[in-house]
Amino acid sequence: MKASARWLRELVPGLDLSAPAMADRLALRGAPVESIVSPGEGLADVVVAKVLTADRHPNADRLSVCTVDGGQGVVPVVCGAPNVRAGGWYPFAPVGAVLPGGLEIKKAKIRGEVSHGMLCSAKELGLSGDHGGILALEGEFTPGQSFVAALGLDDATLDVEVTSNRGDLLSHVGLARELATAGTGDIALTELPGSPRLEFAYQEGTPEARAGGVSVRIDDPDLCHRYLGAVLRGIQVRPSPAWLQERLRGAGARPINNVVDATNYVMLELGHPLHAFDLRRLAGSAVVVRRARVSERAFTTLDGVERPLGPDMLMICDAEKPVGVAGVMGGLHSEVEPDTTDVLLECALFAPKSIRATRKALGMSTDASYRFERGVDPAGMQQALERCVRLILAIAGGAVDGPVLDCVPVGFEAQIVPLRLARIERLLGVPFTSAQVRTLLSPLGFQVIGEGDGTLQVRVPGFRSYDVRREVDLIEEVARTHGFDAFPSDLGPYRAGNVPDHPLFRLEDELRASLVARGLYEAHTPAFAPESDGNVEVSNPLSATERYMRGSLLPGLLRRVEHNFAHGNRDVRLFEIGTAFARRGPGEPPLESTRLAAVLTGLRAPAHWTAEDEPFTVWDLKSLLEDVVRRAHGDALVLAPGCESARLDASAAFTVTDARGAIVARGGRVAEGAVDAPVWAGAVWALEVELPSEVPARGAVSYRALPTFPPVDRDLALLVPDQIPSATVTAAMSAHAGALLEEVALFDVYAGEGIPAGKRSLAFRLRFRAAERTLKDTEVDKTVRSVLERLEEELGVEPRG
Amino acid sequence: MSDTDLIGALRVLEREALAAVSGATDEAALETVRVTYLGRTEGSISKVLRGLGALPTGARPAVGQEANRVKIAVSEALKVRGLALAPQTRGSAEDLTLPSRGPWRGGLHPITQAVDEIWHIFRDMGFARARGPEADTEWYNFEALNTPLDHPAADEQDTLYLVDSVLLRSHTSPVQVRTMEAYEPPIRIIAPGWVYRRDTYDATHTPAFMQIEGLVVDEGVSFVDFKATLAEFARRYWGPDTRVRFRPSFFPFTEPSAEVDVKRVITKPDGTRVETDWLEVMGAGMVDPAVLENVGYDSERYTGWAFGMGPARIAMLKHGVDDLRTFFENDMRFLAQFSS
């Protein structure tokens with residue numbers, strides 16, 4: 001909402017605030033001001049000048065050579081406007097002036113005639129789109145006088161951010177109510193210069209009001225609760241007077257013509273969108289408010305755009321056809337034109353939801369629809385219409401013909417809301433007396449009409465009937481007008497909450513700390529993905545990059561590896577914890593899983609002269625994967641070599657499966673081609689682990705007494721066929737060594753010279769121990785012999801020579 | 001020899017061996033010492049160990065244990081001396097200004113760091129963390145939060161939809177509803193999480209971003225508690241001199257609603273302290289009774305307050321990052337600036 005500071009000051013007698021001070025006060029009432037600009041911005045160099053003579057240019061038919069008094073002596077000026085005349089006053093940019101848009105005026109020779117400046121059109125001054133000629137000023141001025149001051153452009157336009165519950169603030173009177181305080185007078189509407197005092201007569205009728213051959217009918221009372229129509233005849237369409245143009249400019253609006261300007265003025269003043277129809281164009285001199293018919297498929301609005309209609313759209317029609325989209329925009333063929341003499345002026349009340357649905361379907365928003373959607377004052381319609389009629393009569397002439405047609409299928413009744421003082425204290429934490437509450441609420445138009453048992457009966461004004469319906473809405477008004485900053489802010493005691501800290505957050509904390517300690521950096525990537533990487537589709541994406549939700553975190557993280565490679569970063573260690581999405585049944589929300597993904601590439605430690613550079617290997621990846629799986633799922637899950645994934649190279653990858661057979665983790669070397677890597681880049685290792693949706697409680701560790709008797713160690717070097725995994729050998733040793741075996745550790749792997757082809761040497765250290773005695777070598781030797789026999793029997797593994 | 005003699009002999013051998021170890025001045029000499037005492041066949045300690053079999057059964061454990069101890073002690077000494085005598089691999093041991101050797105550093109994403117800092121302050125004030133799904137229904141995202149779908153307020157956070165009434169949550173406020181459905185008051189939670197809006201990427205908008213929700217519900221919770229707790233948070237986060245301002249605003253699920261602004265005191269490089277402009281840091285308010293009723297709470301008995309803030313914006317302000325998109329690039333050189 002753009003508001004004129006001058007207008008606001010005029011509405012609140014005694015309000016002596018600068019525009020920034022007004023902005024501060026509005027901000028503390030909940031309507032912050034985004035910017036303050038002056039409508040005269042950039043026009044400081046422009047003066048008012050009198051054209052003394054205007055003669056045809058000797059060498060050009062369309063140009064005039066004028067003598068102009070701009071206050072600095074009389075100078076010759078060449079002017080291209082058809083409307084320049086001797087004796088007229090015009091805005092003048094003398095030599096050296098800079099106009100909005102940066103045009104600097106220089107002394108020039110135009111077709112042989114010298115020109116010392118420029119007489120300006122409204123468009124050149126950025127005041128309107130009108131480029132029909134130079135801007136003729138009405139009235140008497142002093143040559144050289146500031147143009148900005150002469151036109152009242154030294155106003156300030158406040159761009160007020162109005163929240164969607166406060167439709168009443170989309171008007172100057174609404175904003176003025178928030179600015180009025182104990183120190184100011186009551187809000188007083190501006191006296192309209194030249195407007196007649198009129199007694200208005202009303203012709204009511206439901207569903208149809210009719211008088212003097214003109215009729216108004218509402219066919220769909222659920223969407224239109226009231227329609228007022230006034231007939232004005234004999235008006236003359238022309239530019240508005242200067243004061244009205246100044247008002248509109250101050251409020252950021254552009255003057256168009258006196259009739260349209262009058263409706264805009266009242267909308268900006270009181271918040272009611274009004275519309276003037278050319279009566280000539282209303283077939284049957286009738287207005288019918290009804291939904292679009294199936295046969296009415298399209299309609300051309302006054303912006304010249306043909307728009308498709310739907311059967312739920314409320315239209316303003318004449319006896320035959322639609323002439324406007326109700327509450328949104330009038331039609332091209334019924335708008336006021338320069339030769340219009342008779343108009344029907346509309347002030348209506350439409351259902352906010354209907355307006356919203358219609359304008360969304362049409363993909364447009366207008367000043368009118370914006371206000372109707374947020375609710376206009378049902379109790380102020382007559383005032384708005386009458387004011388607009390009086391303004392039109394004052395500036396366009398003519399007369400009211402007959403009574404105002406008033407069709408009211410749904411009348412408005414002000415609501416009475418009970419307000420308990422005890423409830424105010426309970427919610428706000430501070431007691432308020434009845435007198436305080438009355439003082440706070442009455443400037444906003446709320447009326448206390450009764451009181452008893454600590455409860456006030458509050459009548460809600462029409463302009464607040466949309467957002468104030470309940471006691472709590474009134475309590476907010478009390479708090480707001482009292483001032484949020486006026487409340488104390490003393491920290492009191494509190495009771496501990498019932499909600500425990502979510503275990504998954506705790507697991508995430510632990511995993512993050514662990515990965516950071518291992519030298520990884522956390523990444524954040526948005527959860528969107530291309531179609532190849534997700535099956536949950538966004539139905540209304542804004543761009544192709546957001547069309548699907550990711551099914552895995554890895555692709556996004558690999559893209560970040562590519563970004564780093566592209567910027568020359570060879571050593572990349574990233575992880576992310578986030579959500580992956582998978583499609584479920586039709587219409588159901590997708591399945592979400594929280595996952596951890598990580599990527600490693602480059603050196604496993606910073607280069608140092610004391611050691612050879614070592615890149616990350618499969619063992620680093622395996623360790624990281626084991627660590628994450630253990631923290632997330634406990635010790636029970638083991639890594640199985642191999643992996644079915646297009647992204648990972650199965651020969652250097654692992655899969656982890658849970659007790660129910662579901663894959664919970666994968667990791668390995670990223671397959672060739674899955675990452676766009678420069679030639680210098682090393683292998684990329686990646687893993688992804690699904691975190692449990694229900695984090696299992698960690699059981700207490702059961703302490704085992706430390707051994708008191710010494711162990712006996714035996715080292716075994718074994719020749720193991722290549723196809724037998726070391727884990728199989730370890731498992732077999734554990735199975736056959738009996739209870740005395742405490743630990744098996746592999747400490748060397750060797751293949752090559754001295755080892756038969758198809759085999760490798762694995763060296764294990766077996767540690768034996770008995771809890772209550774010192775073991776004898778003989779019994780250990782016996783056990784080892786037996787283990788070796790079984791290994792040979794079962795696996796073809798034999799001791800190395 | 002008797003067992004006691006053997007043990008005595010072992011101790012003599014141990015003394016000799018340790019003296020020989022410390023007397024060795026190069027690696028070759030040390031190897032000779034090793035062979036002399038621990039050599040597999042001729043080593044004097046090894047011989048004692050082999051002789052154990054000749055002892056009477058009852059004497060074996062004591063001697064065996066002692067022999068093992070001596071063997072380990074001598075092995076350790078050999079190892080330590082060996083390290084001392086080993087040639088330096090490269091460079092000079094004396095130049096201690098050379099860079100150290102160690103593992104890579106890592107770090108949390110700056111937005112996670114902001115979330116954690118905020119969480120730790122609220123944790124100290126008795127809050128716990130709650131979470132909810134990122135794909136949710138219109139009911140949880142709008143209607144349960146007193147936001148009718150046909151109200152302009154539902155437009156203000158232009159929402160990404162999946163199917164029918166299933167959407168990507170446009171704020172973390174659905175967690176309020178889900179938490180209240182699952183627990184009885186007192187409720188004292190924050191809910192950090194990802195939210196989604198139909199926005200294009202620019203310096204201050206991304207279609208996915210982090211938000212932190214907060215919710216307190218109990219008997220006797222008032223606007224004064226609301227202001228006090230959030231002002232206390234602001235002072236703990238931005239410093240004790242921070243000024244806090246509450247401005248009326250509108251959110252369908254709180255009433256009264258407020259925007260919370262802070263004015264920080266910063267120290268300029270020349271040591272002077274200046275106040276910043278007011279910065280909008282969160283939207284907040286007293287929980288609307290309609291929301292409490294929607295989850296089956298008695299709104300006459302319980303009152304509460306809630307807030308929502310954007311840790312990315314807070315991290316931007318804190319670190320001087322001027323483009324939100326930088327946070328999504330995950331360039332190692334950027335992340336390393338925030339390493340722990």
Side-chain angles (χ1 to χ4, degrees), chain A residues 27-30 163-165 353 356 373 427-429 472 476 479-480 484 487-492 494-502 505 512 516 519-527 536 538-540 542 546 560 563-564 567 569 572-574 579 587 589-590 592 605-606 608-610 774, chain B residues 61 89-91 101 103-109 111-112 126 128-131 133-135 150 152-153 160-164 166 179 183-184 186-189 198 200 207-208 218 222-225 227-228 231-232 246-250 255-256 258 286 289 303 327-332 335 340:
Chain A
L28 292 177
R29 284 300 186 94
T163 53
S164 58
N165 59 326
K353 289 175 184 179
R356 177 174 150 79
E373 258 187 83
L427 198 62
L428 300 184
V472 66
E476 176 172 57
R480 204 171 62 83
F484 284 3
F487 286 84
S489 128
D490 306 320
L491 201 54
Y494 60 83
R495 296 204 293 172
N498 272 338
V499 186
D501 196 36
H502 198 290
F505 277 123
R512 282 196 179 94
V516 166
L520 280 80
Y521 284 95
E522 189 193 16
H524 275 192
T525 64
V536 174
V538 176
S539 65
N540 61 338
L542 204 53
E546 275 118 72
R560 296 351 285 167
H563 169 91
N564 275 285
H567 289 80
N569 304 331
V572 182
R573 303 170 309 283
L574 294 173
T579 305
E592 291 181 35
H608 198 263
W609 81 92
T610 55
T774 300
Chain B
T89 38
R90 264 183 281 169
R101 190 167 83 178
W104 287 116
R105 281 168 73 168
L108 293 178
H109 194 279
I111 294 175
T112 301
R129 287 171 297 184
R131 56 198 294 153
E134 292 174 22
D150 51 12
L160 288 168
Y161 275 80
L162 299 179
V163 287
D164 302 332
V166 180
T179 304
Y183 296 91
E184 286 297 311
I187 301 281
R188 215 169 161 81
I189 56 145
R198 201 159 175 269
T200 40
D218 199 359
S222 76
F223 192 72
V224 173
D225 300 302
K227 274 190 66 180
E232 179 64 20
F246 292 78
R247 273 188 294 112
S249 188
F250 170 66
E255 183 151 30
M286 301 298 294
T303 46
F327 288 126
F328 279 159
E329 284 176 355
N330 300 298
D331 192 304
M332 290 291 284
L335 296 173
S340 33

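The chains referred to below are lettered A, B, ... by the order of the sequence lines, with proteins before strands, and numbering in each begins at 1.
Interface residue B/Asp150: backbone and side-chain heavy atoms are both found under 4.5 Å from chain A. Heavy atoms of B/Val224 lying under 4.5 Å from chain A belong to its backbone as well as its side chain. Residue contact with chain A, scored on non-hydrogen atoms closer than 4.5 Å, involves the side chain of B/Thr179 exclusively. The contact between B/Glu134 and chain A is made by backbone and side chain atoms together, counting heavy-atom distances below 4.5 Å. Both the backbone and the side chain of B/Pro133 come within contact range of chain A, each with at least one heavy atom under 4.5 Å from a heavy atom of that chain. Heavy atoms of B/Thr200 lying under 4.5 Å from chain A belong to its backbone as well as its side chain. Heavy atoms closer than 4.5 Å to chain A are found in both the backbone and the side chain of B/Leu162. Proximity to chain A (any heavy atom under 4.5 Å) is restricted, for B/Asp164, to the side chain, taken from C-beta onward. Both the backbone and the side chain of A/Asn540 come within less than 4.5 Å of a heavy atom in chain B. Using a 4.5 Å cut-off between heavy atoms, B/Ala231 contacts chain A through its side chain alone, with no backbone atom that close.
Side chain of A/Asn498 to backbone of B/Ile187: no donor-acceptor contact under 3.5 angstrom is found. At distances below 3.5 Å, not a single donor-acceptor pair connects side-chain atoms of A/Arg495 with backbone N or O atoms of B/Asp218. Counting only distance, with no hydrogens or angles, the side chain of A/Asn564 and the backbone of B/Met332 share a donor-acceptor pair below 3.5 Å.
Between A/Ser489 and B/Phe246 the shortest side-chain heavy-atom distance does not fall below 4.5 Å. Looking at B/Pro207 and A/Leu542, their side chains never come closer than 4.5 Å, going by heavy atoms from C-beta outward. Taking the side chain as every heavy atom from C-beta outward, B/Pro248 and A/Thr163 never approach each other to under 4.5 Å.
By number of non-hydrogen pairs under 4.5 angstrom with chain B, the leading residue of A/Arg356, A/His502, A/Lys353 is A/Arg356. The choice from A/Gly492, A/Pro589, A/Ala479 that makes the most heavy-atom pairs within less than 4.5 Å of chain B is A/Pro589. Considering only heavy-atom pairs separated by less than 4.5 Å from chain A, the leading option among B/Pro289, B/Ala128, B/Ala228 is B/Ala228. The candidate with the highest count of non-hydrogen atom pairs below 4.5 Å against chain B, out of A/Gly429, A/Pro526, A/Gly587, A/Gly497, is A/Pro526.
Under the rule for a side-chain contact (heavy atoms from CB on, under 4.5 Å), the partners of A/Thr525 that lie at least two apart in sequence or sit in another chain are A/Arg550, A/Arg560, A/Glu576, B/Asn330. With sequence neighbours excluded, the residues satisfying side-chain hydrogen bond (donor to acceptor under 3.5 Å, both in side chains) with B/Thr112 are A/Glu522, A/His524.
Atom-to-atom distance recorded for B/Arg131:CZ and A/Asp501:CG is 10.5 Å, nearest 0.5 angstrom. Rounding to the nearest 0.5 Å places CG of A/Leu428 at 8.0 Å from OG of B/Ser222.
Residues A/Tyr521 and B/Gly106 approach most closely at CE2-C, 3.5 Å, considering heavy atoms. A pairwise comparison of heavy atoms in A/Leu427 and B/Glu255 identifies CD2-O, 4.3 Å as the closest pair.
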